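In listed order, ligands and their atoms are each counted from 1. Sequential numbering from 1 along the given sequence is applied to the chain's residues. Because the structure is predicted, anything quoted here is derived from the model rather than measured.
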Amino acid sequence: MSNDYRFSFGPWNISEGADPFGPPVRPSIPMAAKLKRYQELGFEGVQLHDDDVIPDVDDKSAAELDKEAAAYKSILDDEGLVPEFVAPRLWESKKGIDGAFTSNDENCRRWAIDRSKRAIDIANTMGTKLLVLWLAREGTYIREAKDALQAHRYLIDAINQLLEYDKDLEIIIEPKPNEPVDHAYIPTIGHALALAHQTCDPKRVGGLIETAHAQLAGLDPSDEMAFALAAGKLWSVHLNDQNGLKFDQDKTFGSANLRSAYNQVRVLELSGYAQTGRFVGLDVKAMRTQKPEQALKHLVNSKELFLHLVEKVRSFPHEVQEQCVANRDYEALELAVLNHLMGV
Ligand code: 3MF
Ligand code: MG
C-alpha cells in the first residue's frame, strides 16, 4: 500500500448521527477523545472550523482566543497531529442567517469579515496559513432577495480585506452549488477561480474540490480536480460520495460510484498530488444507523479504498491504455478499466 499520501478529516466527521428529521442517536464524544483517534486511524491532518478550536469565538477577547488556540495546538502536538486549515463557521451564527459576506445587512457583512479575521488569528496561533471558505449561505432562496452583481463585489471585497489583513495567508474556496441555500453564488471551482483572479492577490487564493459538491452541480469530480490542477490551484480535496441528485450525503468515498472514485484518485496520482505535501481530506458522514463502536468505519474505509485505488491506478497496464488510445478504441479501454477494477 502506498503511504506517501497525507490524510485529514474534520472532528465533525465523528458525529452523533442527528439528521434534519431526528435527534442524535450516539453519545457525543469530547474533542480531546476525538483527537486521540486520529493517529490510530492513520490520519495526520485535522481540518478545523474556528469554533471547533474555540467554542463561542464571537464572545471571546483576543487574549482568550490566543490562549485557547495555543492550548488546542499543544494537544495536537502531543497527538502528533497537524492542523490542515481553519475555516470560519459563519453559517451557524444568527448573524449569518441571510448570508455572511453577502448579507443585505451591513452590520452582518462587517461581522463576517471580523469573524474571519478572528479565524485567521486562530490559524496563525495553530501554525497553519490556510483559511478555507465554504460560502454556505452566500446565495439566495429566491433570486429577488439580493442583488447578485453586488453580492459578487462583496465577496471580492471581503476576500481582499482578509488577504490584506495577513500577507502570508492563503485562502481556499470550497465551492458547493446548493444546500443550505437554493442557489449558491460560487457553485463550482470555475466560479471560485474566476473570483480568485479578481482579488488583489490571486496567487494566494485557490480551491478545494469536494466530490459530492461537484456531483450536486452535475459535474465530474475528477475533471473539476483536473481544472484546478491545471491552474495550480488544487490546494485540498474533500473526498466522499453522493448517490444522485439529492441532499448532500457525504457518503464513504467510492461507495456510490467506484469508477468515479478511481478517476479522482487517477487524476491526483497522475498529477503528483502526493508530492505537493497537500492533504487528501475526507468529508464523510457515518450512517445514522451505525452503533457507537462502529461509527468510525466510514473514515477508515474511505482511506483504505483510496489507497487500494492508488494501487489500481499504478498497476493499470500502460500498454493497453496506449494501444486503445492509438486505435481510438475506447470500448476496449472501458472494458479494460472495468476488468481491472473488478480484478479479472
Ligand atoms: C459542507 C461542507 C463543509 C466544509 C467545512 C470546511 C461541514 O457541505 O463540505 O463541511 O467542508 O465547513 O469548510
Ligand atoms: Mg467539505
With heavy atoms and a 4.0 Å threshold, my read on which part of D248 contacts ligand 1 is side chain
inquiry  = No waters, cut-off 2.8 Å: how many protein N, O or S atoms are close to the Mg ion (ligand 2)?
reply    =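 Near the Mg ion (ligand 2), the number of protein N, O or S atoms below 2.8 Å is 4.
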Within the 3.5 Å criterion, strictly below it, is a donor on [X] or [Y] matched to an acceptor on the partner's side chain?
X	Y	value
S222	D220	yes
D147	Y154	no
N240	D283	no

Q) Taking NZ, NE, NH1 and NH2 as the nitrogens, is one of them in R137 or D98 under 4.0 Å from a carboxylate oxygen of the other? A)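 The answer is no: the pair does not qualify as a salt bridge.
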task = Name the orientation class of the two ring planes belonging to H340 and F316 (parallel below 30°, tilted from 30 to 60°, perpendicular beyond 60°).
result = perpendicular
Compute the centroid of each ring, for F279 and then for Y5, and state whether the two points are separated by less than 6.0 Å.
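Centroid separation for F279 and Y5: 6.0 Å or greater.
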So is H213 close enough to ligand 1, meaning a heavy atom under 4.0 angstrom away?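 Yes; H213 lies near enough to ligand 1 that a heavy-atom distance drops under 4.0 Å.
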4.0 Å heavy-atom contact, H49 with ligand 1 =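 Yes, H49 has heavy atoms under 4.0 Å from ligand 1.
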Taking distance alone, with N or O pairs closer than 3.5 Å, would you say W134 contacts ligand 1?
no
Taking side chain to side chain donor-acceptor pair (under 3.5 Å) as the definition, give me every residue that meets it alongside K117, ordered by chain and number, with sequence neighbours left out.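 Per chain and number, K117 pairs via side chain to side chain donor-acceptor pair (under 3.5 Å) with no residue.
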Just wondering, more than 12 heavy atoms not from K36 lying within 6.0 Å of its NZ?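 Not buried by this count: 12 neighbours or fewer within 6.0 Å.
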